[in-house]
Amino acid sequence: MKISIGNIFKGDKVVWMIFFFLCIISLIEVFSSSSSLTYDKASYFGPFIKHSSLLAVGLIVMVVIQNIDCKYFKVATIFLLLISGATLIWVLLAGQSTNGAQRWISFFGLQFQPSEIAKGTIVLAVAQVLSAMQTENGTEEKTFKYVMTVSCPLILLIMFENLSTAILISMVVVGMMFYGRVSSRKIGKLIGGFALIGLVGLIFILLVGKTEPKEGEDSKNNMTEKVVQAESEEGFLDNIFHRVGTWKGRILKFVDSKDVPPEEFDLDKDSQIGHANIAIASSEIVGKGPGNSEERDMLPQAFSDFIYAIIIEELGLFGGIFVMFLYIFLLWRAGRIADRCANNFPAFLVMGLALLLVCQAMFNMMVAVGLAPVTGQPLPLISKGGTSTIINCAYLGAILSVSISAKKKDNSKQKKPVVSIEKDAEN
């Protein structure tokens, strides 16, 4: 069999173009924004080579998955649900903590976030439920209950360590139900329920959460005594809700509308927000050019959570808009692929995965420009990442698989009735 570029990069060419544009931007901006990592590791090209290797592995994963007939994805649903549930419980009980969040587990030396796998699993399961319950007038009455049954347990497990991801996947599930013609009345009740739960949760966070003490408030000895006392008093519930203080601090910072003069702004305490704002404000529309960022050395997680601020600083406002439209165009293209599918499952799957990627991208960009509280969501396929980069590539591979293997609608059959009506009218 003759191997050619066309045989490797199959499927929707527009999706491939979007992927390669995102990869090029990612390689440039990760190399530019990883100065702190190169300093720590004493390796100028180390972080860039590692990120390039992950993208290469992700590309291989995309090519492999795109060659799997999309009908076989259904077979994997039950296994992925079991794996996702088990690993999410594992991370709650014995996960590795990084930056105050216990989101990672290590398996045979490979460190990954179970929530990344769980997101795609929920989309896959919901797509299967929606496709199985379709009727001529929408979905069956029990569809809503089944969707909640397969999605809510995993979302609740994700929520304790990664609230923003739980909110993200909840929005995607609601979007899929709307696209899947679930009763608007039930979706409305669900949104109302989310609003009520969100209000109760917000009150709980504000009442129970403990923010970090102000500088000078406690000496080192007092802090040590408090840590020892907290460790001795901690129980299972304390371990589960230990992120409440972080959530409270982020919410209070976001809703604080008080104007702070530049000379009084505490860059040590609010370094992420402060340096992100400086990066965006100093871009001057056209940007400073690739590799010329000045805030990358001061902005924590410049190569991950706040890489969009560095993109705007270096590529300007037009560069930031171009990146945003790449994601929007991906969602539009996914809609075109879904519209051509003759069967429901691949259509729901491709729309769910596209919504997942695009909603996460919008979360990240809104945080970078100050329109949302800090969430810790990376920019898909651009931010420096580990398993998240490979898994996002797997999502794109599934979208490409649908574009290749899903049965297409026969539009010629839809046009025949129109012709017969015209002939009847003539007669």
Side-chain angles (χ1 to χ4, degrees), residues 1-28 30-31 48-77 79-80 83 107-108 110 112-113 116-121 123-124 127 323 326-327 329-338 340-341 343 345-358 360-361 378-408:
M1 181 179 176
K2 189 176 181 181
I3 299 176
S4 65
I5 296 295
N7 289 332
I8 297 174
F9 302 112
K10 297 186 293 184
D12 192 271
K13 298 299 186 288
V14 176
V15 173
W16 275 112
M17 288 177 60
I18 294 171
F19 170 72
F20 283 121
F21 270 122
L22 292 174
C23 285
I24 292 169
I25 295 170
S26 176
L27 291 172
I28 293 172
V30 167
F31 181 65
F48 175 77
I49 292 173
K50 182 179 179 181
H51 184 61
S52 302
S53 302
L54 285 170
L55 285 176
V57 172
L59 177 60
I60 294 172
V61 170
M62 279 181 65
V63 173
V64 170
I65 293 180
Q66 76 167 358
N67 286 287
I68 300 174
D69 195 308
C70 62
K71 66 183 180 182
Y72 294 115
F73 294 151
K74 291 182 178 182
V75 180
T77 304
F79 299 103
L80 288 174
I83 291 171
F107 186 71
F108 289 105
L110 177 65
F112 68 97
Q113 292 187 58
E116 292 295 327
I117 300 175
K119 289 189 299 185
T121 301
V123 169
L124 180 61
V323 170
L326 283 177
Y327 290 107
F329 201 45
L330 174 63
L331 182 61
W332 173 81
R333 196 62 190 177
R336 292 291 301 272
I337 295 171
R340 293 199 299 264
C341 293
N343 299 319
F345 171 71
F348 294 144
L349 177 62
V350 75
M351 284 303 298
L353 293 175
L355 279 171
L356 183 60
L357 291 170
V358 175
Q360 181 175 330
L379 192 57
L381 300 170
I382 290 183
S383 292
K384 182 182 180 299
T387 51
S388 63
T389 298
I390 298 174
I391 292 172
N392 286 332
C393 289
Y395 296 160
L396 281 183
I399 293 174
L400 290 168
S401 171
V402 170
S403 71
I404 297 169
S405 60
K407 184 179 179 181
K408 306 296 189 297

Value rounded to 0.5 Å, distance of [atom1] in [X] from [atom2] in [Y]:
X	Y	atom1	atom2	answer
Leu355	Leu330	CG	CG	10.0 Å
Leu59	Ser52	CG	OG	12.0 Å
Lys13	Leu400	NZ	CG	9.0 Å
Lys407	Cys341	NZ	SG	12.0 Å
Leu356	Ile391	CG	CD1	10.5 Å
Leu396	Ile18	CG	CD1	8.5 Å

Which heavy atom of [X] sits nearest to which heavy atom of [Y], and what is that distance?
X	Y	value
Thr387	Gln113	OG1-N, 3.7 Å
Ala338	Val350	CB-CG1, 3.5 Å
His51	Ile382	NE2-O, 4.0 Å
Leu124	Phe73	CD2-O, 3.6 Å
Ser401	Ile65	CB-O, 3.6 Å
Trp16	Lys10	NE1-O, 2.5 Å

Residue pair [X] / [Y], side-chain heavy-atom distance below 4.5 Å:
X	Y	result
Cys23	Leu381	no
Phe48	Leu27	yes
Ile25	Leu326	yes
Leu379	Gln360	no

**Request:** Assess the pair Phe9 and Phe20: is the distance between their ring centroids shorter than 6.0 Å?
**Result:** yes
Give a yes or no on whether the backbone of [Y] and the side-chain of [X] come within a donor-acceptor separation of less than 3.5 Å.
X	Y	answer
Asn343	Phe345	no
Ser405	Cys70	yes
Ser403	Asp12	yes
Ser26	Leu22	no

**Asked** Which class fits the ring pair Trp332 and Phe329: parallel under 30°, tilted 30 to 60°, perpendicular over 60°?
**Response** parallel
**From CA spacing to verdict: side-chain contact (heavy atoms from CB on, under 4.5 Å), Met351, Leu331** = CA-CA 8 Å; Met351 284 303 298; Leu331 182 61; 4.2 Å; yes
**Complete:** Across all chains, not counting sequence neighbours, the side chain to side chain contact (heavy atoms under 4.5 Å, CB included) partners of Ser388 are Glu116
